[in-house]
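Down below is the structure, laid out as structure tokens.
Since this is a predicted model, take the numbers as computed values, not measurements.
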Amino acid sequence: GYLTSKVIGEPPSKPAQLAVTGLNATGKATPNLVLNFRSTIGHGDYTYTVTKVAEKAFEEQKNIVSVEFNSGMEEIGDRAFYNCTNISNITFNRNSISSILGYAFFGTAITTLHLPASLTYFNNSCVDKCINLTSITVDEANSKFSSYKEMLYNKEQTQLIKCPAAITGDMLEKDFPLTLVEIWPSAFENSRLKRLYLPYGVTTLHKEAFAYTYFDELKIPSSDLLPV
């Protein structure tokens, strides 16, 4: 195999669980590496479920081109694939991922991201500087998140969580759900939009919502609507 791991749950007192911690020497030397995480790994008398990608596990690994997560995986840690600039595909094959932490996929080359029904926590910095990302979609059975016109919202579509950076052109009032009232921090970070008109229903605009943007025109509902 290509991976290193550590035990995070030791039977019989705890469920048998492993966290993936990175690439071994073979993995680091393999070009165009496709990571397909196994659901379980046998070790000694026990079969361990692979439940986590550890913090910084694959940070700056330029040889990884694709990642597939299978059943059992629950958490993708902070900076897990940070600046892995050649990853162009991330796939969640089954519903088990519940948390994607900060900067997990920062700077990767993904163009689309489809989130599974099992996801309950999404730190929107996880796709910061993904400058090729055009679409974030969500399984309709997800109870926490939804998508509208390729952007990520909470389930009720009252909060805009992330606009993919590679969406271009104009985004006008009609391009948002009528229920929208809040714009998350970093929601439009690195956006390539030329014109952005936020709808009149927006009442909360968080700091750094427009970090590293260069709009030709930005329209907000009121001059009193300042980032909080």
Distance check, rounded to the nearest 0.5 Å: I136 atom CD1 versus F145 atom CZ? 11.0 Å
Taking all non-hydrogen atoms of both residues into account, name the closest pair between G102 and D78 and its distance. N-OD1, 3.0 Å
Hey, does the Lys NZ or Arg CZ of K129 hover above the aromatic six-ring of F106, less than 6.0 Å from the centre and inside 45° of the axis? no
Quick one: do the S135 and E150 side chains pair a donor with an acceptor below 3.5 Å? yes
Quick one about N93 and T91 (side-chain donor to acceptor, distance below 3.5 Å, no hydrogens or angles considered), yes or no? no
What is the ring orientation for F188 with F210, classed by angle as parallel under 30°, tilted 30 to 60°, or perpendicular over 60°? tilted
Consider only side-chain heavy atoms of I, L, V, M, F, W and Y, link residues closer than 4.5 Å, and tell whether Y153 and L196 are in one cluster. yes
Does either side chain, that of S98 or that of T120, offer a donor lying less than 3.5 Å from an acceptor on the other one? no
Has the side chain of N83 got a donor or acceptor atom that lies under 3.5 Å from a matching backbone atom of E60? no
S96 and S71: side-chain donor and acceptor closer than 3.5 Å? no
Sub-3.5 Å donor-acceptor pair from the side chain of S125 to the main-chain atoms of Y103, do we have one? yes
Just verifying a value: how many Å separate L180 CG and Y148 OH, rounded to the nearest 0.5 Å? 10.5 Å
Any side-chain donor paired with an acceptor under 3.5 Å for N70 and N36? yes
Do I87 and V67 come close enough that some side-chain heavy atom pair is under 4.5 Å? yes
